[in-house]
2 protein chains.
Amino acid sequence: MSAGTKGVARADREAQIVEVACRAFGENGYAGTSVADVADAAGISKPLIYNYFGSKDGLHEVCVRYAADVLWAEFERSSRTGTVGLARAIATLDGMFRALAPQPWMWRLVFDPTAPADGAGHEALADYEKRLFALGEEGVAELMRLAGNEDPEDTSAMHAVWEAMFRALVTWWLDHPEVTPDEMTDRCLRLFTTVFGELDPQVLAAVDR
Amino acid sequence: MSAGTKGVARADREAQIVEVACRAFGENGYAGTSVADVADAAGISKPLIYNYFGSKDGLHEVCVRYAADVLWAEFERSSRTGTVGLARAIATLDGMFRALAPQPWMWRLVFDPTAPADGAGHEALADYEKRLFALGEEGVAELMRLAGNEDPEDTSAMHAVWEAMFRALVTWWLDHPEVTPDEMTDRCLRLFTTVFGELDPQVLAAVDR
DNA sequence: GTGGTAACTTACCCAGGAGTCATATCCCTG
DNA sequence: CAGGGATATGACTCCTGGGTAAGTTACCAC
């Protein structure tokens with residue numbers, strides 16, 4: 001391919017690169033993705049990426065901010081439903097399945113164990129996780145209060161368990177791409193029933209069942 | 001340091017290298033650990049490691065097998081207590097806290113997201129995870145049967161949740177090194193109570209409470 | 001049409017980490 | 001005390017992947 005413009009405006013090219021990069025980072029992780037990989041997948045050359053994003057970390061930051069915005073919007077939306085406990089849990093799961101269905105790689109892009117521990121991308125992720133943490137801790141703390149346990153360390157550990165459970169369900173779903181969001185929500189309801197017994201009607205109502 | 005033997009027998013040197021490497025891999029991950037790092041930490045030179053273990057992957061394999069054996073012995077031991085459900089859960093957690101207390105890095109060595117996806121080390125890990133998976137699936141399946149849910153996909157998802165919860169509790173504990181195994185087991189019991197209500201005496205008995 | 005600018009690429013540099021080779025020292029054996 | 005094997009290392013090579021310098025092409029304004 002010879003040099004010279006192909007008539008693609010910078011904004012358009014940037015958007016295209018980000019889309020390709022989100023997918024690459026999400027599917028292969030930050031460490032498993034080279035800038036050359038992204039350039040190849042986008043059908044352009046490496047220096048163009050450096051020209052537009054400055055560094056691999058710069059590109060990663062843009063991707064992460066985009067993905068975090070998508071997920072955050074969903075988390076916040078379901079937190080505003082005013083539900084508590086299991087009802088809020090299932091509402092959040094259901095919303096996340098729907099939000100991720102068209103772009104499942106977004107999840108692993110944000111929860112990427114190979115992401116670097118410093119740089120702008122890390123800042124963006126840390127900021128997002130801080131907000132997410134506060135949101136989750138709030139919900140868990142309320143649940144704990146209702147159950148009569150106000151120990152902050154207990155709350156912290158319970159929060160870790162809640163997040164892990166949430167991630168496990170999302171990850172399981174991502175590993176079973178033939179399952180629709182609706183079916184997955186039903187499955188979660190069944191699992192809740194298995195563990196907690198008959199569910200309160202409010203829980204079902206939270207996902208229109 | 002000049003060349004020439006220091007009078008350390010191969011077997012001793014190998015053991016020393018493995019110990020240092022387990023710690024390095026466990027604390028910084030496979031990808032975050034260079035062979036030179038291990039050599040430095042062990043106070044020897046890089047070629048000696050290649051001489052004794054053939055490759056980074058070869059060293060990793062030995063470390064992983066050692067750590068997996070430690071964890072596996074513990075999992076199997078608690079599976080033989082004959083307990084079911086929550087009782088088995090708390091017994092397994094308690095056993096793991098005790099097993100990990102003297103060498104907490106073993107955990108992350110086995111559950112290392114930066115470990116390679118091929119090679120002998122990977123084989124060893126895959127084999128271990130297969131056994132662990134079967135053990136966990138068995139326990140979860142039994143619980144599901146008791147609750148009247150025999151759907152294999154539901155069991156699979158439930159198993160994923162169970163493993164995630166287990167890992168979350170262990171990880172939380174690893175992040176709070178001032179907490180003793182005993183205290184952590186008590187905390188887990190409190191969390192169980194918070195979620196499931198008053199616990200069956202059998203559950204308490206499983207950890208001598 | 002001609003200069004300037006935005007869009008692009010080829011060909012390179014460089015750091016870091018896996019892996020190797022030749023060599024040096026020690027100790028044990030005969 | 002000479003030879004050989006075990007224990008060790010300094011100084012390499014090679015490759016991958018982030019990052020850059022310099023130049024090439026197309027379009028637009030005047």
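All chains are named by letter (A, B, ...) in the order of the sequence lines, taking the proteins before the strands, and each is independently numbered beginning at 1.
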ask   = Ion pair present between B/Arg131 and B/Asp127, side-chain N to carboxylate O less than 4.0 angstrom?
value = yes
remark   = Whether each nucleotide of nucleotides 14-19 of chain C has a protein heavy atom under 4.0 Å at its base (B), only at its sugar-phosphate (S) or at neither (-) is summarised, 5' to 3', as ---SBB
query = Can you tell which of B/Thr180, B/Leu174, B/Val170 makes a side-chain contact (heavy atoms from CB on, under 4.5 Å) with B/Phe97?
reply = B/Val170
query = How are the rings of B/His176 and B/Trp172 set relative to one another: parallel (under 30°), tilted (30 to 60°) or perpendicular (over 60°)?
reply = parallel
query = When the distance from CD1 of A/Ile17 to P of C/dA7 is rounded to whole Å, what number comes out?
reply = 11 Å
inquiry  = Do the side chains of A/Asp94 and A/Arg98 get close enough for a salt bridge, i.e. N-O under 4.0 angstrom?
reply    = yes
query = For A/Glu129, does the CD atom have more than 12 heavy-atom neighbours from other residues, nucleotides or ligands under 6.0 Å away?
reply = yes
ask   = With a 4.0 Å cut-off on heavy atoms, is A/Phe53 in touch with a base, just the backbone sugar-phosphate, or nothing at all?
value = nothing
remark   = Rounded to whole Å, the NE2-P distance (A/His60 to D/dG17) equals 17 Å
ask   = Between D/dT7 and B/Arg13, is there an OP1 or OP2 to side-chain N/O distance shorter than 4.0 Å?
value = no
ask   = What's the CG-P distance between A/Leu59 and D/dG17, to the nearest Å?
value = 16 Å
request  = Taking only the side-chain heavy atoms of A/Pro47 (C-beta and beyond), determine which of C/dC8, D/dT20, D/dT9 contains the nearest atom.
outcome  = D/dT20
A/Tyr52 OH to D/dT20 P, straight-line distance once rounded to whole Å = 17 Å
ask   = In whole angstrom, what separates A/Leu48's CG from D/dG18's C1'?
value = 16 Å
inquiry  = Between A/Lys6 and A/Asp12 (salt bridge meaning N to carboxylate O under 4.0 Å), is one present in this structure?
reply    = no
task = Nearest whole angstrom, please: distance from the P of D/dG18 to the CG of A/Asp37.
result = 8 Å
query = Out of A/Phe133, A/Phe166, A/Tyr128, which one pairs with A/Phe75 under the ring-ring contact (aromatic ring centres under 6.0 Å, His included) rule?
reply = A/Phe166
inquiry  = If you apply the rule side chain to side chain donor-acceptor pair (under 3.5 Å), what do you find for A/Asp57 with A/Ser55, and how did you get there?
reply    = CA-CA 5 Å; A/Asp57 183 56; A/Ser55 67; 5.0 Å; no
key: Test log, rule side chain to side chain donor-acceptor pair (under 3.5 Å), inputs B/Thr185 and B/Asp182   = CA-CA 5 Å; B/Thr185 297; B/Asp182 253 5; 5.3 Å; no
note = The contact string for nucleotides 23-30 of chain D, one letter per nucleotide 5' to 3', using protein heavy atoms under 4.0 Å with B, S and - for base, sugar-phosphate only and none, comes out as BBBS----
query = A/Ile49 has an atom CD1; how far is it from atom C1' of D/dG18, in whole Å?
reply = 12 Å
query = Tell me: CG of A/Asp40 to C1' of C/dT9, nearest whole Å?
reply = 13 Å
